[in-house]
Amino acid sequence: MNKPGLPTRIMLGLISLGLLAILGASLKYRLEGHPLVTHVAVPQGTTATAPASQNQGMNAMAEAMSNDPDQTVLLGLMQKLQNNPNDPETLLELSDLFMRRGDLDQAENFINRAAVASPSDARPPFYLGVLLERRGDYVKAASSLERALGMKDIPEARFSLAILLIYRLDDKAAGKAQLETLLASPGLNADLKALAETELKKL
């Protein structure tokens with residue numbers, strides 16, 4: 001266990017090193033409904049093995065994080081989640097991070113937790129639709145995107161649904177209708193508008 005009076009930054013360094021070791025071995029944690037941070041904390045009554053030198057430990061942490069900036073982001077999100085395990089913003093940020101890293105199982109875990117924490121939020125089904133598309137489950141992906149759009153008109157979700165219909169489900173008519181609805185949306189982002197117009201011209 002940490003000695004009394006150990007500076008906070010060193011404590012965070014040790015926690016970070018534990019996190020990096022775990023992530024280096026595997027990102028597929030077994031959360032079983034518990035906050036992510038519980039898998040890095042040292043259990044009560046056990047002793048954490050300190051590095052040979054505190055300076056060496058801090059240097060190793062800094063080097064690892066500079067090589068992979070996501071580690072720093074992940075540590076910050078874990079700390080936020082420890083303070084509020086049901087914060088949908090943090091849960092969705094974690095799902096996005098794990099999705100970008102290719103850990104779809106972990107991303108889905110956080111999406112599902114966000115959906116439970118905020119049932120009226122359209123973003124969890126939107127994120128789930130994107131995840132299911134990446135898994136190749138196109139019918140369920142479309143259904144999830146449609147559910148998100150039924151809750152809130154999210155332009156990115158509508159564009160994702162249009163592309164899914166056109167290129168994965170071979171329903172160009174339905175995809176075209178989604179693109180036309182998207183282009184009629186007020187205040188549409190210029191980049192997304194350009195993408196939609198480009199896809200519409202191909203049909």
Side-chain angles (χ1 to χ4, degrees), residues 1-48 57-58 60-62 64-135 141 144-145 147-157 160:
M1 296 184 64
N2 293 316
K3 296 179 181 180
L6 193 63
T8 301
R9 63 186 184 192
I10 300 301
M11 292 174 63
L12 290 176
L14 294 175
I15 293 173
S16 301
L17 287 173
L19 169 63
L20 293 173
I22 292 172
L23 289 176
S26 172
L27 282 172
K28 296 184 181 298
Y29 302 124
R30 301 299 182 216
L31 293 185
E32 298 178 352
H34 299 295
L36 180 60
V37 73
T38 61
H39 291 260
V40 238
V42 178
Q44 293 293 329
T46 62
T47 302
M58 294 297 290
M61 178 191 72
M65 288 188 172
S66 66
N67 292 335
D68 187 355
D70 276 356
Q71 305 290 8
T72 305
V73 175
L74 180 57
L75 179 59
L77 290 173
M78 287 173 59
Q79 291 170 338
K80 288 173 65 177
L81 196 63
Q82 184 179 25
N83 295 329
N84 186 357
N86 296 314
D87 176 32
E89 297 295 333
T90 303
L91 291 167
L92 289 174
E93 285 184 64
L94 281 163
S95 70
D96 180 66
L97 186 150
F98 280 107
M99 207 181 310
R100 286 188 284 107
R101 295 177 73 96
D103 190 345
L104 301 186
D105 289 343
Q106 193 59 262
E108 185 176 13
N109 178 283
F110 286 112
I111 291 170
N112 290 337
R113 288 179 60 183
V116 172
S118 184
S120 62
D121 193 333
R123 292 174 300 170
F126 169 34
Y127 278 46
L128 183 60
V130 173
L131 184 147
L132 290 169
E133 191 280 333
R134 291 188 60 180
R135 278 187 176 154
S144 191
L145 291 170
R147 186 165 67 256
L149 290 169
M151 300 166 72
K152 183 179 180 180
D153 190 358
I154 303 174
E156 292 81 4
S160 298

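Here the structure is a predicted model, which is why all the values come from computation and not from measurement.
Applying the salt bridge (charged side-chain N to carboxylate O under 4.0 Å, His left out) test to residues at least two apart or on different chains, the pairs with a partner in residues 118-129 are Glu89-Arg123, Asp121-Arg123.
Taking both residues in full, the closest heavy atoms of Lys152 and Ala122 are given as CB-CB, 3.7 Å, listed atom of the first, atom of the second, then distance. Residues Asn86 and Ala117 come closest through the heavy atom pair O-CB, 3.3 Å. Taking every heavy atom of both residues into account, Ala107 and Phe98 meet most closely at N-CB, 3.9 Å. Between Arg147 and Leu128, the shortest heavy-atom contact is NH2-CD2, 4.1 Å.
Within the model, atoms CG of Asp103 and CG of Leu97 stand 10.0 Å from one another, a figure rounded to the nearest 0.5 Å. One distance of note links CG of Leu104 with CG of Leu132; it measures 9.5 Å at 0.5 Å rounding. Note that the CG atom of Leu92 and the CZ atom of Phe126 stand 11.0 Å from one another [nearest 0.5 Å]. With rounding to the nearest 0.5 angstrom, the CG atom of Leu149 is 10.0 Å from the OG atom of Ser144. The distance from the CG atom of Leu74 to the CG atom of Leu81 is 10.0 Å, given to the nearest 0.5 Å. Note that CG of Leu94 and CZ of Arg113 are 8.5 Å apart. Values are rounded to the nearest 0.5 Å.
Within the 3.5 Å criterion, the main-chain N or O of Ala114 finds no donor-acceptor partner in the side chain of Ser118.
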Report task. Begin from the C-alpha positions of Thr90 and Gln79 and carry the test side chain to side chain contact (heavy atoms under 4.5 Å, CB included) through to its verdict. Result -> CA-CA 10 Å; Thr90 303; Gln79 291 170 338; over 6 Å; no
Requested in this report: For Lys80 and Asn83, run side chain to side chain contact (heavy atoms under 4.5 Å, CB included): C-alpha distance rounded to whole Å, both residues' side-chain angles, the deciding distance at 0.1 Å, then the answer.
Outcome: CA-CA 5 Å; Lys80 288 173 65 177; Asn83 295 329; 5.6 Å; no
Query raised in the report: Could you go step by step and tell me if Asp105 and Asn109 meet the side chain to side chain contact (heavy atoms under 4.5 Å, CB included) rule?
Result: CA-CA 6 Å; Asp105 289 343; Asn109 178 283; over 6 Å; no
Report task. Evaluate the criterion side chain to side chain contact (heavy atoms under 4.5 Å, CB included) for residue pair Met99 and Ile111; output intermediate values, then yes/no. Result -> CA-CA 10 Å; Met99 207 181 310; Ile111 291 170; 4.0 Å; yes
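Contact check for Pro125 versus Met151: side-chain heavy atoms found under the 4.5 Å cut-off.
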